[in-house]
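Reading through the structure tokens given below for one structure.
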Number of protein chains: 2
Amino acid sequence: MSSTVPVAYGPGAGPGPYTPAQTRIIEAALDLFAEHGVGGTSLQMIADAIGVTKAAVYHQFKTKEEIVVAAAGAELARVETAIEAAEAEPTPARARDLLVTRIVDLAVERRRMESTLLGDPVIVRFFAHHEPFRQVMGRLYRILMGDARGSDARVPAAMLTAAIGGAVMHPLVADLDDETLRSQLLHLARRFLDLPD
Amino acid sequence: MSSTVPVAYGPGAGPGPYTPAQTRIIEAALDLFAEHGVGGTSLQMIADAIGVTKAAVYHQFKTKEEIVVAAAGAELARVETAIEAAEAEPTPARARDLLVTRIVDLAVERRRMESTLLGDPVIVRFFAHHEPFRQVMGRLYRILMGDARGSDARVPAAMLTAAIGGAVMHPLVADLDDETLRSQLLHLARRFLDLPD
DNA sequence: GTCTATACGCGGATAGAC
DNA sequence: GTCTATCCGCGTATAGAC
């Protein structure tokens, strides 16, 4: 896993960088969430993983939900980086192309991490009402759909993001190496969007 | 919700039909799982929903996991029905076509039910090692992929099932009526598989 | 066959000492 | 920043009433 914990929602928008103690908790939580799911991970497991007591963890984050938000936010920050790169492209077509490439890279690179987290119903339900998350996702969908807003654009955008996120943790592809999975996913995603190979 | 609780894994393969008390529990559990997730649903909530005590529920199913399996199995049985209809088709191409249509119908009809359940990490992890489930999924993938077994076939199959299941519970399409969502999903799924409209 | 009563252990959470 | 101690709710489990 990466040794850095990205802060979500762009520079200055979040609560600032985490303390070393908080960073240790987030990294341990990410590993455990990816392996056992959010609901299957107890604070005791997190505490044991870094060698402290449960109450010490609670001192850093007031609730388990805060840990979940920090962990998911760290993954979301990676998505936001991809979005910012895409938004810097000169044309909408090139922005879409770069975004799809980056999202596929991210999904494959962090396989069970990114998708287990963002697919977890606990996280899905929380972020559905979380404004900063909604804004990041709004930027992502805007790049994917262009200015179209009807069902003709929203259904394919929903399918594509679900397809990429869901495919990487699918049992059918569990034994594929990263590079094979990456190139196949990218090819199919481009085809789905009618982008040139 | 339907008033019947399908029994999973085909006639004679399961533990047989459920008692009325068990059926009430399964139906209540399906509703609650869809709304709060598996991890967010307690036996107390299920008991309250049908007006009995926690211990009464526990008497019908020895563990919460058994309730989860029964509830997920009821949804899985609907998928199996679609698979059986597809397998009865005369050609592989027509089987694929019918299966995609039925799966889209099912996903839309039961929206937050089917997908919340089958997307829940608790269920995913359990069924990953559950042989009857794996066999049903194996039949589904075989119809989708034909006899191909390489990554060229497995990645698109993984993407398509993830896309359909994930799209119906996606926030982007939450406000679409069922018929619009159904026709869009079916059109795009067919296009993804290079099937004629 | 269905239910009530009761108890145990674990996970989430808080208060206050070092 | 970490600890001990404690509380509450939930999942698990057993005994026994109707």
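Quick note: numbers below take in every heavy atom, side chains included, and nothing from hydrogens, waters or symmetry partners. Letters A, B, ... are given to chains in the order of the sequence lines, protein chains preceding strands, and every chain is numbered from 1.
- For the side chain to side chain contact (heavy atoms under 4.5 Å, CB included) test, residues two or more places apart in sequence or in another chain that qualify with Glu109(B) are Leu106(B).
- Distances shorter than 4.0 Å separate some side-chain N or O of Arg24(A) from OP1 or OP2 on dT2(D).
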Only distances under 3.5 Å count here; give the side-chain donor-acceptor pairs of residues 50-58 of chain B to other protein atoms, sequence neighbours excluded, each with its distance to 0.1 Å.
{"residue": "Thr53(B)", "atom": "OG1", "partner": "Ala56(B)", "partner atom": "N", "Å": "3.3"}
{"residue": "Tyr58(B)", "atom": "OH", "partner": "Lys62(B)", "partner atom": "O", "Å": "3.0"}

Classify every nucleotide of nucleotides 5-18 of chain C by which part a protein heavy atom approaches to under 4.0 Å, writing B for the base, S for the sugar-phosphate alone and - for neither, in 5'-to-3' order. B-----SBBBB---
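- Residue pairs meeting the side chain to side chain donor-acceptor pair (under 3.5 Å) criterion with at least one member in residues 169-189 of chain A, sequence neighbours excluded, are Asp105(A)-Arg182(A), Arg111(A)-Asp178(A), His170(A)-Tyr141(B), His170(A)-Thr161(B), Asp175(A)-Arg154(B), Asp177(A)-Thr180(A), Glu179(A)-Arg182(A), Gln184(A)-Asp152(B), His187(A)-Asp197(A).
- Taking atom CD1 of residue Ile25(B) and atom P of nucleotide dG1(C), one finds them 14 Å apart after rounding to whole Å.
- With sequence neighbours excluded, no residue forms a salt bridge (Lys or Arg N to Asp or Glu O under 4.0 Å) with Arg102(A).
- Rounded to whole angstrom, the span from the CZ atom of Phe61(B) across to the C1' atom of dT2(C) amounts to 14 Å.
- Atom CZ of Arg94(A) sits in a sparse spot, with 12 or fewer heavy atoms from other residues, nucleotides or ligands closer than 6.0 Å.
- Distance Gln60(B) CD to dT12(D) P: 15 Å, rounded to the nearest Å.
- Counting only heavy atoms from C-beta on, Val52(A) has its side chain closest to dT2(D) among dT2(C), dG1(D), dT2(D).
- Applying the side chain to side chain donor-acceptor pair (under 3.5 Å) rule to Arg191(B) yields the partners Asp194(A); only residues at least two apart in sequence or on another chain are considered.
- Between Ile67(B) atom CD1 and dA13(D) atom P there is a gap of 12 Å when expressed in whole angstrom units.
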